[in-house]
Structures are given as C-alpha cells and as structure tokens.
Amino acid sequence: MGEFDLIAQYFQRDYAPGDNVVKGIGDDCALLAPRAGMQLAISSDMLVEGRHFVSTVSPDALGHKALAVNLSDLAACGAKPVAFTLALALPRVDTTWLHGFSKGLFALADQHGCALVGGDTTQGPLNICITVIGEVPPGQALLRSGAQPGDDIYVSGSVGDARLALEAFRGTVQLDAAMFASARARMERPTPRVALGQALRGIATSAIDVSDGLLGDLGHILKASRCGAEVAIDNVAALAIFHWAGHGFSSDFCREMTANGGDDYELVFTAPPSAREAVAQAAGRAVTPAKRIGRITADTQLVLRDAQGALVPNTFASFDHFKS
Ligand code: ADP
Ligand code: MG
C-alpha cells in the first residue's frame, strides 16, 4: 500500500457541516473557517516509541492517547477543540495497527467534534505528532499567569493513577487484577478535561494540565504568576478515583505517586475563595470532579502539609526529558 492509499483508507473521512472545514485532507493546506471574532488556540504534542509508550501498547489506546494529550492542552486553556493535524512516522505499513490506531483516534475526535484536516506520513521509527486547533473568545483563555495570593488551588479527577500503572509495569509494586486494570486504563486512555476547561472560563484565574507531575506543573503556574503555594499533599492522594491510596502503601509512596506521578492529564487551576460556588457549578456542568487542594501564597515557596497540617519536606522533583 502506498502513502496516498494509506491516507485515503485510514485517515480521510467526510466532514460534517459543523466542522468549519473549507478544505480538509487532500490539498497542500487545509482551510478552516474560524467562527467570527474567536481567537485560535494551537498546541502540539509528540509521542515517541520507547519514550512515551512501549511497543506492546494496543494501537487503539495509542490513537486515543495521542489525541487526548493534545486535547488536554486545549482544555487547560479553556479552548473548544476545532481541528487537528497528524504527522506520523511508521516503520512499515501494518494494516492491523493502522486500523486500531485510527479507530481509537477517531473515537475520541468524534466525542469532541474535532476534525482531522491534514498531516504528513513518512517511513521511520514510530513517532506520532498531533497539532490541535481550538477556539476561545478573546481575553477568555485560561493562562498560567493569573493566580493571585489567597486563591484556592484545585485539581480535577485524581492524580497518581498513571504512575501507579507504570510502577506495576516496572515490577516495583504488585497490584491486584482489578486495581491494575483501573490504573492501566488511566495511563493508556486518559480523559482530557475539555468540558471543565471551557466551564472555568471567567472563573479560574489560572490553569495548567498535569502531564509531568502535579507539583512540577503547579510550579509552572507559581513561576508565571510570581507567587507560592501551600498544598495538602496527603489529601490529594486520598482523592484517587479507585482508592489505591487506601491499600496499605506507605505514605511516602503515596506522596511520590501523587506529587510527582505524571501522565495524569488532569487540570490544576486557581480561583478566589469568592468563586467556590461558581467552581462547584462549573464542575457539575462538566460532570467532572474538582477538589480544593491548597491555596496560593504571596511568597514564592511551595510548601506541603500532611492531613493534620504538619509540614512535609518537599523532596519531589518533576519529570524533565533532559534531566537524567
Ligand atoms: P504535501 O506533499 O503537499 O505536503 P502530502 O503528499 O504529504 O502533501 O499529503 C497529501 C495530503 O494528505 C495533504 O492534504 C496532507 O495534509 C494529508 N496527510 C498526509 N498525511 C496525513 C495523515 N497522517 N493524516 C491526515 N492527513 C494526512
Ligand atoms: Mg507532506
């Protein structure tokens, strides 16, 4: 199968009138008709075999995750997904793989009304790069830079689950079958918090999505907003959706998974205490849990406390691809 047959068979589909696609796959550029007055939000994320996923992951899950991590960036900006492009390097034409990958990809794309409008396909080590395009009303994008001293800090869903699965794959922890399945689903099929991001427009003062670890990503908000934070770290572990934190792991282990886990694709955001009711309503509209985990302070320290309020030493460093 040649490059163009491959594109036609697995990636080219009809567009719906609501897609705002003037010209999709098949010409030198895609043409989109943005809604009048909207700003465009654009973000790229690349997944590299051996770095971001293992070769044994199912192609369907990989298709899902490649788009999910990109939609998560739109969510963190409060943007509505519009379209995306897909740049794909494939070692060989494997039709079973392509079928599974495109199925997982389009299932998530269709959930969010996000049309695939172009890309590039080449032979090479497996590498998937997606660029997403979203729209947001002028001035309403959620940025990292708006947190104010006194603001509450929230996290959606739960963090640490994906890292728990990674540790199970590495063999450093033993999980029972049900817990392993839950953790693995969180790692392989993350849920981008797209509805919550849009519901928080005009309410949250800052936001980021958690890809590299809760504290590291919160640190980006603190740096951009020039402030500090206090986080009730043990209360965050207790939020875990399938309650792994209650299964007899040491508190140090739970703190490490929670503070430093990565691959969560939850939203961390800030809002003033006067907006607590508005945040609760936004979370309700988005059908996404969001819990208070701390507050923004005027100094530039990141202070951790346990459930009783005692200081926990902050020894957690977040993931950085260029640090060993
Ligand atoms: P060009 O040589 O002009 O860059 P290509 O021959 O690479 O165009 O691609 C032909 C068409 O197919 C273009 O519209 C391009 O955007 C699209 N395309 C290529 N690869 C992909 C892919 N993996 N997914 C979606 N569209 C793709
Ligand atoms: Mg090309």
Side-chain angles (χ1 to χ4, degrees), residues 1-35 38-75 77 79-135 188-192 194 209 211 265:
M1 180 184 299
E3 177 188 337
F4 300 105
D5 294 334
L6 183 160
I7 296 164
Q9 176 141 2
Y10 294 102
F11 298 116
Q12 198 157 10
R13 306 190 312 169
D14 292 336
Y15 298 100
D19 288 343
N20 301 342
V21 179
V22 180
K23 186 79 211 175
I25 292 174
D27 215 299
D28 296 311
C29 289
L31 294 176
L32 302 179
R35 285 200 290 163
M38 288 290 193
Q39 290 180 343
L40 296 180
I42 299 170
S43 180
S44 297
D45 254 311
M46 181 153 54
L47 295 187
V48 177
E49 181 168 4
R51 188 79 210 175
H52 301 99
F53 62 92
V54 289
S55 57
T56 50
V57 68
S58 88
D60 181 291
L62 198 55
H64 173 98
K65 186 162 178 176
L67 183 58
V69 303
N70 278 277
L71 292 174
S72 179
D73 284 311
L74 290 183
C77 277
K80 179 177 179 292
V82 173
F84 69 107
T85 62
L86 168 68
L88 199 56
L90 298 170
R92 73 197 81 79
V93 177
D94 175 341
T95 53
T96 308
W97 189 92
L98 280 161
H99 177 77
F101 178 83
S102 59
K103 194 163 150 255
L105 182 83
F106 282 124
L108 186 64
D110 291 347
Q111 261 179 45
H112 293 281
C114 193
L116 176 58
V117 296
D120 198 22
T121 305
T122 176
Q123 199 268 331
L126 185 55
N127 187 317
I128 304 154
C129 183
I130 287 180
T131 297
V132 277
I133 300 158
E135 61 179 24
E188 292 184 350
R189 306 188 65 90
T191 305
V194 173
D209 67 317
S211 51
Y265 304 101

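All figures in this text were calculated on a predicted structure; none of them were measured in a lab. As the structure lists them, so they are numbered: ligands from 1, and atoms in each ligand from 1.
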> Given Asp27, Ile130, Thr121, which one has a non-hydrogen atom that is nearest to atom 20 (N) of ligand 1?
Replying inline: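 The option holding the nearest heavy atom is Thr121.
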Just by distance, do the side chain of [X] and the backbone of [Y] share a donor-acceptor pair under 3.5 Å?
X     : Y      : value
Tyr15 : Leu116 : yes
His52 : Val48  : yes
Asp94 : Thr96  : yes

Where ligand 1 meets [X] - atom numbers and elements under 4.0 angstrom, heavy-atom basis:
X      : value
Gly26  : 11 (C), 13 (C), 14 (O)
Asp120 : 7 (O), 19 (C), 20 (N), 21 (C), 23 (N)
Asp28  : 3 (O)
Phe4   : 6 (O)
Gly118 : 16 (O), 24 (N), 25 (C), 26 (N), 27 (C)

>> My understanding is that only one of Ile133, Val22, Leu40 makes a side-chain contact (heavy atoms from CB on, under 4.5 Å) with Leu32; could you say which?
In response: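 Result: among Ile133, Val22, Leu40, Ile133 is the only option passing the side-chain contact (heavy atoms from CB on, under 4.5 Å) with Leu32.
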> Do the charged groups of Arg13 and Asp19 touch, with an N to O distance under 4.0 Å?
Replying inline: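 Asp19 and Arg13: not salt-bridged.
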> Could an N or O of ligand 1 be found under 3.5 Å from any N or O of Leu116, whether backbone or side chain?
Replying inline: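 No - when backbone and side-chain N and O of Leu116 are compared with those of ligand 1, no distance drops under 3.5 Å.
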>> Does the plane of the ring in Phe11 sit parallel, tilted or perpendicular to the ring in Phe106? Use 30° and 60° as the thresholds.
In response: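 Ring orientation, 0 to 90° scale: tilted.
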